[in-house]
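Note: hydrogens, waters and symmetry copies are ignored here, and every other heavy atom, side chains too, is used.
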Amino acid sequence: MAITSIDTDHDELTTTIVAEFPVPVTRLWQAYVDPQQIEKFWGPPTWPATFTRHDVRPGGRSEYHMTGPDGEKAGGFWEFVSVDPPRAFEVRDGFANDDGTPNTELPGMRMDFEFTETDSGSRLTTTTYFTSPDALEHLLEMGMLEGTREAMGQIDNVVTDDAAFDDSQPAQLQNLDDVTVRISRVLHGTPEKIWQAHHEPDIMRQWLLGPDGWHMPVCEIGVEPGDTYRYEWETDAGEDRFGCTGEILETVAPYREVATEAMIGMEGPGTVNAMNLTEVANGTLLTVVITYPSRELRDTVVATSMVDGMELSYARLESKVLAP
């Protein structure tokens with residue numbers, strides 16, 4: 001990667017950074033919209049980022065924090081104003097307190113990201129708009145440009161890693177913190193088709209089954225916030241029935257849904273599951289962020305080969321529903 005220019009315009013209250021990369025625009029774009037990828041470079045090497053939410057759509061929101069060498073955290077968020085895959089997106093960028101609320105003691109800004117093709121690959125032009133001369137000077141004094149230069153120096157290793165963009169990989173799990181995990185999987189279909197597969201009982205019964213030899217006798221869908229849902233499974237012999245239930249908290253079709261989930265018959269609090277669907281070059285990136293009430297429950301559930309079961313279902317979704 002070569003940063004070809006960094007310009008600060010004190011009259012227009014902007015900074016503009018231009019960088020070129022030896023990869024297609026679609027790969028550079030995906031590095032920014034995939035939370036697993038952007039975490040590898042959004043932040044200087046000594047302050048790596050963790051994205052607990054990355055909802056890339058008009059009206060969407062990203063939430064992240066950077067962790068310093070001594071464990072201290074600095075939070076931030078993006079509010080997406082516009083998204084034009086794979087050419088551009090615009091965000092309102094701000095700092096966040098420890099509880100995720102905006103930190104109004106530090107200035108916010110607007111950022112435009114423009115992705116264009118070049119003869120040798122792609123170019124990214126990032127323009128930051130500041131609200132006042134004081135805001136511009138404050139952020140420059142905080143080392144914004146130096147931090148950005150260090151962060152962008154890591155992108156080449158991300159976008160040139162073929163394995164990281166292999167869309168045939170099975171579902172992958174990451175621990176985001178002591179109680180939160182993220183499962184990621186590229187599905188070869190449109191967000192609309194995958195959303196439909198999660199919201200029509202006849203289709204869900206074809207794929208949301210885990211290992212072979214099971215079926216889904218109960219599939220009651222929740223559609224709007226406040227709706228409840230209930231899913232139950234049993235073996236084809238009619239044995240070992242179990243299930244889960246919960247409430248829809250947030251839904252923005254066909255991009256994002258947040259719901260609670262609890263196993264039927266188990267006491268205590270359940271989880272909060274946030275599903276995002278993001279268009280990428282060869283399909284849709286599905287991410288599910290699961291927040292558990294405790295680290296102990298997280299570790300117990302993950303140890304049950306939960307992700308392997310999810311992968312079996314996602315593979316069945318591709319072969320039975322999404323395949324042409």
V258 and V272: CA distance, side-chain angles, deciding distance, side-chain contact (heavy atoms from CB on, under 4.5 Å) verdict: CA-CA 7 Å; V258 183; V272 176; 3.7 Å; yes

Between [atom1] on residue [X] and [atom2] on residue [Y], distance to nearest 0.5 Å:
X    : Y    : atom1 : atom2 : answer
M109 : T131 : CE    : OG1   : 8.5 Å
K73  : T67  : NZ    : OG1   : 4.0 Å
R87  : E117 : CZ    : CD    : 10.0 Å
M216 : S313 : CE    : OG    : 9.0 Å
D55  : E79  : CG    : CD    : 11.5 Å
D240 : W214 : CG    : CH2   : 5.0 Å

CA sep, side-chain torsions, deciding dist, call: D112, Y129, side-chain contact (heavy atoms from CB on, under 4.5 Å): CA-CA 8 Å; D112 288 347; Y129 299 84; 3.4 Å; yes

Looking at [Y], is its backbone amide N or carbonyl O close enough to the side chain of [X] to form a donor-acceptor pair, meaning the two atoms are under 3.5 Å apart?
X    : Y    : result
R316 : G210 : yes
T284 : L187 : no
N97  : P102 : yes
T278 : V56  : no
R182 : F51  : yes
D99  : T101 : yes
W207 : A197 : yes
T245 : Y229 : yes
E318 : H188 : yes
E311 : A171 : yes

Any side-chain heavy atom of [X] sitting closer than 4.5 Å to one from [Y]?
X    : Y    : value
W233 : L208 : yes
T16  : D9   : no
I203 : K320 : no
R298 : V181 : yes
T50  : E39  : yes
E105 : F95  : no
M310 : L173 : no
L285 : V33  : no

More than 12 heavy atoms of other groups within 6.0 Å of Q169 CD: yes

D98 atom CG: more than 12 heavy-atom contacts under 6.0 Å: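 It does not: D98 CG has 12 such atoms or fewer within range.
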
Side chain to side chain donor-acceptor pair (under 3.5 Å) contacts touching residues 22-33 (sequence neighbours left out):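 Listed once each, the pairs are R27-D162.
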
Which heavy atom of [X] sits nearest to which heavy atom of [Y], and what is that distance?
X    : Y    : value
V158 : F165 : O-CE1, 3.2 Å
F41  : A151 : O-CB, 3.1 Å
G43  : Q154 : O-NE2, 2.8 Å
T287 : P35  : CG2-CG, 4.2 Å
A96  : F77  : CB-CD2, 4.2 Å
R241 : P217 : NH2-CG, 3.4 Å

Under 4.5 Å between side-chain heavy atoms, counting indirect links through other Ile/Leu/Val/Met/Phe/Trp/Tyr residues: same cluster for [X] and [Y] or not?
X    : Y    : result
L124 : L145 : yes
M66  : I38  : yes
L322 : L312 : no
W195 : V288 : yes
V289 : L286 : no

Verdict with reasoning, E224 to I248, per side-chain contact (heavy atoms from CB on, under 4.5 Å): CA-CA 6 Å; E224 301 292 338; I248 306 299; over 6 Å; no

Between E257 and H199, a side-chain donor and acceptor under 3.5 Å: yes

NZ/NE/NH1/NH2 to OD/OE distance under 4.0 Å, R61 and E250: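 No salt bridge links R61 with E250.
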
Electrostatic pair E220:R230 at N-O distance under 4.0 angstrom: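 Between R230 and E220 there is no salt bridge, as every charged N stays at least 4.0 Å from the carboxylate O atoms.
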
Without placing hydrogens or testing angles, list every side-chain donor-acceptor pair under 3.5 Å for residues 132-143, not counting sequence neighbours.
residue	atom	partner	partner atom	Å
S132	OG	A135	N	3.0
E137	OE2	H10	ND1	3.1

Whether W42 and Y64 hold their rings parallel, tilted or perpendicular, with breakpoints at 30° and 60°: perpendicular

F89 and F80 aromatic ring geometry - parallel, tilted or perpendicular at 30°/60° bounds: tilted

Worked check of side-chain contact (heavy atoms from CB on, under 4.5 Å) between L317 and R185: CA-CA 12 Å; L317 169 59; R185 177 45 151 99; over 6 Å; no

